[in-house]
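Contents: one structure, followed by commentary.
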2 protein chains.
Amino acid sequence: MERPIRIKDIAEAAGVSTGTVDRVIHGRGNVSPAKRAKVLEVMRALDYKPNIIASALAYNKNFRIGVLLPDPEIDPYWQAPYSGVTYALESVRHYGVTVQFYLFDLFKAETFVEQYEKLLADAPDAILFSPLFLKESKALLAKSSALGIPNVMVNTYIENSDSLSYIGPDSYQSGVLAARLLNFGLNNHATVIILNLAKGSTNAQHLLQKEQGFRDYYANFNSGSTTVVKYDFEDFDKEELMEGFMEEIFGKHPDLDGIFVTNSRAFRVVESISGEAAKRLKIVGFDLMKKNLDYLQTGEVDFIINQNSVQQGYWGIMTLFNHFILKQKVEKIQNLPLDIVVLENYSYYLRKEKSFQLAI
Amino acid sequence: MERPIRIKDIAEAAGVSTGTVDRVIHGRGNVSPAKRAKVLEVMRALDYKPNIIASALAYNKNFRIGVLLPDPEIDPYWQAPYSGVTYALESVRHYGVTVQFYLFDLFKAETFVEQYEKLLADAPDAILFSPLFLKESKALLAKSSALGIPNVMVNTYIENSDSLSYIGPDSYQSGVLAARLLNFGLNNHATVIILNLAKGSTNAQHLLQKEQGFRDYYANFNSGSTTVVKYDFEDFDKEELMEGFMEEIFGKHPDLDGIFVTNSRAFRVVESISGEAAKRLKIVGFDLMKKNLDYLQTGEVDFIINQNSVQQGYWGIMTLFNHFILKQKVEKIQNLPLDIVVLENYSYYLRKEKSFQLAI
DNA sequence: AAAGATCTTGTGTTCGCACACAGTTTGTGA
DNA sequence: TCACAAACTGTGTGCGAACACAAGATCTTT
């Protein structure tokens with residue numbers, strides 16, 4: 001239970017001053033090769049591990065992160081990543097990390113541009129954003145790259161970007177998993193639909209990947225005996241239109257067995273059809289929205305895949321922190337767990353989202 | 001982006017010295033009511049939040065935790081909580097937290113006693129342990145209580161203890177979940193068995209709770225049309241005996257449909273029966289042991305419920321840290337998530353276990 | 001060999017807070 | 001009114017590391 005080794009201990013053991021040890025540790029140069037070697041040797045011999053507490057206190061610099069996300073007021077899904085950012089901030093603000101939010105309307109690409117212009121004008125040290133609009137996001141990536149501002153992406157992935165990291169689900173795999181779950185208890189020769197309830201302007205790439213994963217599951221495991229049809233519908237937020245659309249679906253597929261809703265809006269499907277229909281159908285959707293959980297409890301939704309969207313925000317900030325403050329290596333792709341949520345275990349996931357460890 | 005408020009700022013604003021502010025913050029007394037009120041008012045007005053970094057550095061005290069767990073060499077399951085403890089330690093050692101391990105043989109109650117005697121003799125500041133032996137654990141609880149040493153329990157719950165916290169699964173609920181999973185794809189009038197592969201000496205209470213949860217699921221949702229039978233078998237580690245036992249089971253239940261293995265030893269079942277039998281049967285077990293995952297991939301095991309046993313160790317240490325160093329309130333019961341693990345999502349959980357956030 | 005440039009090294013201050021200690025004020029009793 | 005205790009308050013030091021600065025050592029150049 002001996003005391004941890006300090007810089008001072010190394011300095012004494014190596015017969016130099018703490019300043020020299022410091023220069024060796026940080027590679028600041030201006031140290032004679034002989035002393036440098038001696039210090040390194042002593043460091044290894046004593047197994048020196050820096051006290052990050054003291055280090056952080058002395059470091060005493062600011063690190064400003066610009067966060068570009070959809071406004072949670074407009075789409076409740078985005079409350080989750082937003083909360084994750086604020087949780088993370090709670091942990092790292094003592095290290096001088098600050099966050100400035102720039103919220104846009106996820107249904108309007110032009111607000112995305114407006115907000116990133118503001119963000120860039122404020123010249124933050126790093127950017128966390130969700131590339132919901134493909135073209136505009138590439139423009140942002142190019143500009144921030146030119147300005148030398150590093151970034152992390154959450155929720156939606158863009159290939160070949162020079163981002164420090166992507167934090168979010170593996171969309172393809174989430175589609176495979178959804179197919180597996182939907183397929184439980186369905187007989188052969190079933191009919192299932194893939195339902196994209198999204199507006200056209202959004203970056204639809206991850207929806208396509210989900211679809212591909214879903215189809216591939218059936219191709220690989222179910223050898224084509226199941227009919228899979230895809231539909232897109234934009235007016236999911238208009239009650240009557242949505243009901244009409246679902247009626248149309250039932251008309252076209254009287255033998256429908258299951259629905260895979262590719263985003264957090266499974267509850268909209270349940271709201272637009274009768275309770276009996278919902279219970280007969282197998283419905284699989286994403287994310288722990290309040291309404292989704294309500295319908296999980298009534299048995300109208302069968303499975304929810306939790307994409308851990310709170311953690312997107314949390315790990316987004318933490319990744320920047322780990323990289324720039326703690327100088328740790330970070331993974332370029334951080335796929336978050338895909339939790340299978342049913343009636344019997346949903347409460348744990350609700351709780352988990354609120355109990356992050358504070359990284360003091 | 002203004003600088004955070006420091007004690008010094010409060011002192012200046014309140015017209016007192018930093019010492020007085022310090023006394024108010026820590027309730028050390030010896031402060032006139034007037035100044036005390038003034039300081040509190042200023043603190044609230046400026047929304048003071050202490051810099052825990054600096055606080056931790058200055059606090060500079062040791063906190064020794066005695067950890068009493070089964071030897072991972074004897075049963076591989078226990079590698080997980082053990083790792084969790086060392087991960088947590090990595091995070092909190094800078095705060096002067098140290099850990100001393102006391103490992104016992106989970107098949108021998110007397111080694112549990114030996115080790116806790118040693119532990120108590122070393123007079124740690126707190127204890128983390130797993131109450132695998134009921135009687136002996138109650139004795140330990142009584143002694144540590146008498147000595148005024150606080151404790152947290154992991155993995156197995158003992159009711160009415162004065163422990164600071166329990167961290168582990170809700171055994172009853174894990175049984176319910178297991179039944180739900182096993183019941184997927186099984187027809188009515190199925191036969192399933194509950195299989196306890198454990199030695200008699202161990203605290204079997206949580207196995208009973210799992211059994212109860214399992215039975216209750218069938219009672220509530222399946223209205224009795226499924227036959228549920230329970231078996232205990234102690235010699236699971238002896239190859240021939242185990243094979244003989246499984247043959248006996250098949251003899252008694254030629255129409256067997258599913259097996260619920262109540263602990264981490266589902267792989268022992270698969271190893272003791274033919275591959276075809278394993279694929280035909282639905283098998284549900286616990287924990288991400290290497291061999292369980294192998295059989296998940298071959299389709300011989302159908303579902304694994306992840307009890308997050310690494311996190312038991314992690315949160316065990318963190319709970320003590322939060323309570324005694326950070327002076328935070330902690331929950332008396334912390335039930336860890338019950339993750340449903342299938343082929344399509346197991347990799348995330350393996351990864352998760354290795355990516356704890358360092359709580360600097 | 002002297003002057004200057006360059007490289008090397010040690011010392012001292014700072015970060016925000018905890019706590020010891022000394023100093024000041026107020027209260028009490030004779 | 002004085003002595004002394006008790007209650008209060010301010011100052012100073014240390015936690016371990018980061019970094020600025022100055023001083024010392026070595027090397028060039030003429």
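Letters go in sequence order (proteins before strands), and every chain restarts at 1.
- If you look at A/F129 and A/Y102, their ring centroids are not closer than 6.0 Å.
- Nucleotide D/dA18 holds its C1' atom 15 Å from the OH atom of A/Y95, rounded to whole Å.
- No hydrogens or angles considered: nothing links the side chains of A/E331 and A/S165 as a donor-acceptor pair under 3.5 Å.
- Checking A/P33 against A/G19, the closest nucleotide of DNA chain C that is more toward the 5' end is the one next to A/P33.
- Backbone-only contact: A/N51 has heavy atoms under 4.0 Å from sugar-phosphate atoms and none from a base.
- Here B/R28 lies in heavy-atom contact (under 4.0 Å) with sugar-phosphate atoms only.
- Side-chain polar atoms of B/D162 and B/S145 form a donor-acceptor pair below 3.5 angstrom.
- Residue contacts shown for A/L57 include a base, since a base heavy atom lies under 4.0 Å away.
- For B/V31, the listed nucleotide lying nearest its side chain is D/dT9; candidates were D/dA17, C/dG10, D/dT9.
- Across all strands shown, A/N30 has heavy atoms under 4.0 Å from base atoms, whether or not it also approaches the sugar-phosphate.
- At the heavy-atom level, B/K35 lies under 4.0 Å from the strands shown only through sugar-phosphate atoms.
- Using cut-offs of 30° and 60° for the angle between ring planes, the A/Y166 and A/Y157 rings count as tilted.
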